[in-house]
Amino acid sequence: MPEPYRVTFVCTGNICRSPMAEQVLRHHAEEEGLDVEIDSSGTGGWHIGDGADHRAVRTLTDGGYRSAHSARQFEPLWFGRYDLIVALDQSHLEALRSMAPDADALARVRLLREFDPDAEAGGDLDVPDPYFGDDDGFVHVLGLIEAAVPGLLETIREGLKERR
């Protein structure tokens with residue numbers, strides 16, 4: 001039996017964007033019955049052990065998604081665990097690239113909005129941090145995540161096919 005495809009999302013503190021992306025992808029992967037393990041973490045350790053921000057939880061719940069989460073910090077040793085490491089903005093991408101131990105690990109690091117065919121090529125591919133804003137920022141982030149999920153699912157399907 002082939003190994004599951006493993007995806008992790010990485011943002012700053014692992015309480016807003018990355019746990020939202022984790023839950024949205026998990027929901028859609030489960031609907032399709034895909035053999036995928038999904039989690040998330042942050043580049044910083046400020047919120048280790050905390051749940052997701054209450055506004056992220058409310059936005060997920062309102063969108064029809066579950067929310068269960070405990071924040072953690074990404075560890076460089078984890079590069080070998082994942083098939084895909086998805087950064088939520090350019091600063092996360094750069095932090096992950098600086099931790100990557102080799103070219104293989106580096107190739108697995110991508111920006112979430114790269115998977116959104118409507119995101120402007122060469123434009124701003126960041127998912128903005130909603131932490132210091134109001135609920136509208138969380139709703140906007142959810143929309144950006146949902147727009148990228150179909151492309152992300154296609155990449156996962158292709159990766160699973162290669163394992164058969």
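Position 1 is the first residue of the sequence, and the numbers go up from there. Nothing here was measured: the structure is a model prediction, and the numbers come from that model.
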> In terms of side-chain geometry, is the basic nitrogen of R58 or D62 positioned less than 4.0 Å from the acidic oxygen of its partner?
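D62 and R58: not salt-bridged.
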> Spell out, yes or no, whether Y5 and V149 are grouped together once hydrophobic residues are joined by side-chain heavy atoms under 4.5 Å, including indirect joins.
yes
> Indicate yes or no for a side-chain donor-acceptor contact from Q73 to the backbone of T43 under 3.5 Å, with no hydrogens or angles considered.
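Looks like yes, one N/O pair under 3.5 Å.
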> Assess whether a salt bridge exists between D83 and R163, defined as any Lys/Arg side-chain N lying under 4.0 Å from an Asp/Glu carboxylate O.
yes
> Roughly how far, to the nearest 0.5 Å, is the CZ atom of R81 from the CD atom of E37?
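Here the rounded value is 10.0 Å.
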> If you group Ile, Leu, Val, Met, Phe, Trp and Tyr by side-chain heavy-atom gaps below 4.5 Å, do L93 and L106 land in one group?
no
> Run the numbers on L112 and L125 for side-chain contact (heavy atoms from CB on, under 4.5 Å), then give the verdict.
CA-CA 8 Å; L112 176 66; L125 295 179; over 6 Å; no
> Give a yes or no answer on whether the side chain of R55 reaches the backbone of G133 with a donor-acceptor pair at less than 3.5 Å.
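Looks like yes, one N/O pair under 3.5 Å.
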> Rounded to the nearest 0.5 Å, what separation is found between the CZ atom of R157 and the CG atom of L152?
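The CG atom of L152 is 10.0 Å from CZ of R157, to the nearest 0.5 Å.
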> Classify the ring geometry of H27 against Y65: parallel below 30°, tilted from 30° to 60°, perpendicular beyond 60°.
perpendicular
> Does any N or O in the side chain of D126 come within less than 3.5 Å of the main-chain N or O of Q90, such that one atom is a donor and the other an acceptor?
yes
> With side-chain contact (heavy atoms from CB on, under 4.5 Å) as the test, would you mind laying out the steps for S41 and T8 before giving the verdict?
CA-CA 7 Å; S41 58; T8 192; 4.2 Å; yes
> Could you report the tightest heavy-atom contact between D89 and V127, atom names first, then the distance?
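Residues D89 and V127, closest heavy atoms: CB-O, 4.1 Å.
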> Between the side chains of R17 and S40, is a donor N or O closer than 3.5 angstrom to an acceptor N or O?
no
> Tell me the closest heavy-atom pair linking A105 and F79, and the distance in Å.
CB-CD2, 3.5 Å
> Search all heavy atoms of H69 against all heavy atoms of A52 and return the closest pair with its distance.
CD2-N, 3.8 Å
> Just so I know, are the side chains of H92 and F74 near enough to count as touching, which here means a heavy-atom distance under 4.5 Å?
no
> If two hydrophobic side chains count as joined below 4.5 Å and joins carry through other members, does L144 share a cluster with L25?
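Shared cluster, yes.
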> Tell me whether D116 contacts the main-chain N or O of D118 through its side chain, where contact means a donor paired with an acceptor under 3.5 Å.
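Yes; at least one donor-acceptor contact below 3.5 Å.
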> Might you work through the side-chain contact (heavy atoms from CB on, under 4.5 Å) test for V141 and T59, ending with a clear yes or no?
CA-CA 9 Å; V141 164; T59 302; over 6 Å; no
> Check whether any side-chain heavy atom of M20 sits under 4.5 Å from a side-chain heavy atom of F9, and report yes or no.
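They are not in side-chain contact.
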> Does the D50 side chain pair with the main chain of A71, one donor and one acceptor, at a distance under 3.5 Å?
no
> Distance only, no hydrogens: is a donor on one side chain within 3.5 Å (strictly under) of an acceptor on the other, for H47 and D53?
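The criterion, which ignores hydrogens and geometry beyond distance, is not satisfied for D53 and H47.
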> Can F115 be reached from I85 by stepping across I, L, V, M, F, W or Y side chains whose heavy atoms are under 4.5 Å apart?
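The answer is no; the residues belong to distinct hydrophobic clusters.
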> First locate atom CG of L160, then atom OG1 of T155, and finally report the distance between them rounded to the nearest 0.5 Å.
11.0 Å
> D35 and P4: which non-hydrogen atoms are nearest, and at how many Å?
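Nearest pair, atom of D35 first, then P4: OD1-CB, 3.2 Å.
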> Just wondering, more than 12 heavy atoms not from R66 lying within 6.0 Å of its CZ?
no
> Are V86 and L142 linked, directly or through other ILVMFWY residues, by side chains that come within less than 4.5 angstrom of each other?
yes
> Flag the pair E158 and K161 as a salt bridge only when some basic side-chain nitrogen lies within less than 4.0 angstrom of an acidic carboxylate oxygen.
no
> Between L60, V57, I38, which is the residue that forms a side-chain contact (heavy atoms from CB on, under 4.5 Å) with Q23?
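Going through the options one by one, the only one that passes is L60.
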> Let's go through D39 and Y82 carefully: what are the C-alpha distance in whole Å and the side-chain angles of both, what is the deciding distance for side-chain contact (heavy atoms from CB on, under 4.5 Å) to 0.1 Å, and is it a yes or a no?
CA-CA 10 Å; D39 60 32; Y82 297 104; 2.7 Å; yes
> For A148, is there any backbone N or O sitting under 3.5 Å from a side-chain donor or acceptor partner on R113?
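Such a contact is absent between R113 side chain and A148 backbone.
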> Does any N or O in the side chain of R97 come within less than 3.5 Å of the main-chain N or O of V109, such that one atom is a donor and the other an acceptor?
no
